[in-house]
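Counting from 1, the numbers follow the sequence of the chain as shown. Computed from a predicted structure; not experimentally measured. In what follows, every heavy atom counts, from backbone to side chain, and hydrogens, waters and symmetry copies are set aside.
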Amino acid sequence: MRTTVGIIGGGPAGLLLARFLHRAGIDCVVLEARTRAYVERRQRAGMLEQGTVDALREAGAAERLNAEGLVHQGIELRFDRERHHIDFPTLTGRTVTIYAQTEIVKDLVALQLADGPPLLFEAEALGIEKPESASPVVRFLHEGREQTLTCDWVVGADGFHGISRDTFPAAVSRTYERGYPYSWLGILADVAPSCEELIYARGRGGFALHSMRSPHVSRLYLQVPNDSDPEDWPDDRIWDELAARFAIDGDWTLDRGPITAKSVTPMRSFVHEPMRHGRLLLAGDAAHIVPPTGAKGLNLAVSDVRVLARAFAELHRTGSERLLDTYSDTCLERVWQATRFSYDMTKMLHAQPDGDAFENRMQLARLRRITASRHAAAELAANYTGLPLMT
Ligand code: RFL
Ligand code: PHB
């Protein structure tokens, strides 16, 4: 097989890039290791920046998002049994939209299979040969045999555990990493959300987040120690702990319902530099991951893809590689800003396992500043709703 752009990974980054390329008249092939059912069911992100919504519209993939996405005007911060509303339109003129990653993936897969370039499921990339040459080759396993895809360019959109990043020679790779001493226990529940907007709570026992998937389905997260076993968290224990962490002085109750999914996710910050080597370009989680407290992972994957799609379109139109040459630097500017914001939000809202009294005071002082100062609130709102693309 031969194509112009070989895309490894059929997550949001790879699928959205394929849509953009298809619309620009550039041919590509997407290789996805898992089955369609698996990628459409993987529970992950839910909060979309305005720029992400705009990108999905530009790609012609927003029909259901336009009808079903829930537009939110802000978030609520809870601490010290108080609630504080951060109003995005007043502070930034922007809003955010709740629409599940599972639904974005379903929409993109359906479009791709209907009229897009090839998308192969159960096609696992094994290696990328000659990324420095004009014709890199992807070796992959499909229908029981090893096959090859010869490309002009290869995009590694194969997530944090993919193979693309490891193709960079050690001499050119620089990695930056930070672990955190806590994880998130995430649940999906068949119950109407108990709030209109997302609630980020710094409770006594630790962090909790109330999000949602639809007017009938709630998505909630609880800070738990690393290596926690979901089996140790029967449903009643989860609801009791969530209720305690969201508790405020005044009227508010957390409605409970049947829990339909439960999983534990560790938290990590990771950045790989550069994002390009020869004719191999990384996009999304393959190059960088952030703890989910700032809701930035999917949004960063989408902004990488916007920059990349523009660069390929310019190459196709004019023959210039100028935007491909600046791709890595352009994306990394934004990646580091999102990494900083995710780190700050994580540090501000999670209980320190060692109960550091000084750190606790620092967290409260930061939260008090945000709720007391319009400038401090505007800074949070600008980052949360998404910094502009730096092109
Ligand atoms: P993905 O989604 O991991 O997709 C990569 C795809 O590549 C495939 N693959 C391979 N295919 C072929 N050959 C190989 N050798 C392959 N190796 C891997 C995989 O099967 C997969 O289909 O990466 P992508 O596209 O870069 O997208 C990134 C996002 O998924 C991720 O950043 C977000 O989910 C992060 N995230 C959030 N981001 C937000 O912007 N807002 C949120 O509210 C938000 N909440 C979250 C999150 C992530 C979470 N978890 C589980 C880590 C909440 C959670 C709990
Ligand atoms: C989600 O809805 O899954 C979600 C929302 C906001 C976050 C993280 C996850 O910060």
Side-chain angles (χ1 to χ4, degrees), residues 43-53 65 68-79 81-92 94-104 184-203 206-223 238-239 241-248 252-257 261 265 267 290-300 338 341-342 344-350 363 366-367 370-371 377-386:
Q43 277 306 321
R44 286 190 169 172
M47 200 293 291
L48 312 185
E49 296 171 1
Q50 186 58 51
T52 298
V53 172
L65 163 65
E68 296 172 24
L70 307 170
V71 175
H72 282 199
Q73 311 283 325
I75 55 169
E76 189 174 312
L77 292 176
R78 288 194 183 183
F79 57 95
R81 303 183 64 87
E82 295 170 14
R83 64 197 302 182
H84 298 269
H85 172 69
I86 308 289
D87 191 78
F88 295 155
T90 326
L91 295 164
T92 67
R94 292 201 295 270
T95 57
V96 295
T97 300
I98 298 294
Y99 187 68
Q101 182 169 328
T102 46
E103 305 313 298
I104 295 180
W184 279 14
L185 171 69
I187 63 159
L188 269 180
D190 282 337
V191 59
S194 303
C195 50
E196 279 172 10
E197 292 172 345
L198 269 53
I199 307 173
Y200 288 79
R202 178 188 177 278
F207 173 74
L209 169 61
H210 193 329
S211 182
M212 59 200 70
R213 287 292 172 265
S214 74
H216 316 288
V217 176
S218 296
R219 174 85 167 141
L220 296 112
Y221 299 96
L222 205 53
Q223 172 186 352
I238 294 177
W239 287 117
E241 191 58 35
L242 285 167
R245 293 188 192 182
F246 288 121
I248 47 168
W252 189 81
T253 34
L254 177 65
D255 291 328
R256 304 179 179 206
T265 318
M267 319 260 274
V290 287
T293 328
K296 287 286 162 253
L298 171 63
N299 293 299
L300 273 185
F341 176 66
S342 305
D344 288 348
M345 285 285 279
T346 301
K347 290 283 202 179
M348 180 170 74
L349 290 164
H350 289 75
Q363 292 180 328
R366 286 187 193 106
L367 286 160
I370 289 165
T371 52
E379 171 62 8
L380 184 149
N383 283 279
Y384 193 93
T385 56

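Atoms CG and CD, on Asn383 and Glu49 in that order, are 9.5 Å from each other to the nearest 0.5 Å. Atom OG of residue Ser194 and atom CE of residue Met212 lie 9.0 Å apart, to the nearest 0.5 angstrom. Here the CD atom belonging to Glu241 is positioned 13.0 Å from the CG atom belonging to Leu220, to the nearest 0.5 angstrom. The structure places CD1 of Ile75 at 11.5 Å from SG of Cys195, a figure rounded to the nearest 0.5 Å.
When all heavy atoms are compared, the tightest approach of Ala382 to Thr92 is N-CG2, 3.6 Å. The two residues Gly386 and Lys296 have their closest heavy-atom pair at N-NZ, 4.3 Å. For the residue pair His84 and Phe79, the shortest heavy atom distance occurs at CD2-CE2, 3.6 Å. Between Pro291 and Thr346, the shortest heavy-atom distance links the atoms CG-OG1, 3.4 Å. For the pair Leu298 and Ile104, the tightest heavy-atom approach, listed with the atom from each and the gap, is CD2-CD1, 4.0 Å. Residues Gly206 and Arg245 approach most closely at O-CD, 3.2 Å, considering heavy atoms.
Taking the side chain as every heavy atom from C-beta outward, Thr95 and Gln50 approach each other to under 4.5 Å. Leu48 is not listed as a side-chain neighbour of Ile98, based on a closest heavy-atom distance of 4.5 Å or more. With a 4.5 Å cut-off on side-chain heavy atoms, Arg78 and Tyr200 do not count as touching. Between Thr293 and Leu209 the shortest side-chain heavy-atom distance does not fall below 4.5 Å. You'll find the side chain of Leu91 stays beyond 4.5 Å of the side chain of Tyr384, heavy atoms only. Looking at Gln43 and Leu188, their side chains come closer than 4.5 Å, going by heavy atoms from C-beta outward. Here the side chains of Val71 and Tyr99 are not in contact, with every heavy-atom distance at 4.5 Å or above. In this structure, Met47 and Thr97 have side chains that are not in contact, with every pair of non-hydrogen atoms separated by 4.5 Å or more.
Trp252 and His210 have perpendicular rings, their planes meeting at more than 60° on a 0 to 90° scale where under 30° would count as parallel. A parallel orientation is assigned to the rings of Phe207 and Trp184, their planes being inclined by less than 30° (bins at 30° and 60°).
Side chain of Ser218 to main chain of Val191: a donor-acceptor pair is present (N/O by atom type, distance under 3.5 Å, no hydrogens or angles).
Residues satisfying the salt bridge (Lys or Arg N to Asp or Glu O under 4.0 Å) criterion with Arg202, sequence neighbours excluded, are absent altogether.
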- request: Go through the steps for Ser211 and Arg219 under the test side-chain hydrogen bond (donor to acceptor under 3.5 Å, both in side chains), then give the verdict.
  value: CA-CA 5 Å; Ser211 182; Arg219 174 85 167 141; over 6 Å; no
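Results of the side chain to side chain donor-acceptor pair (under 3.5 Å) test with His85 over Glu76, Gln73, Glu197 single out Glu197 as the only residue that passes.
Of the charged side-chain nitrogens involved, none lies within less than 4.0 Å of a carboxylate oxygen, so that Glu103 and Arg213 do not count as a salt-bridged pair.
The aromatic ring centroids of His72 and Phe88 lie 6.0 Å or more from each other.
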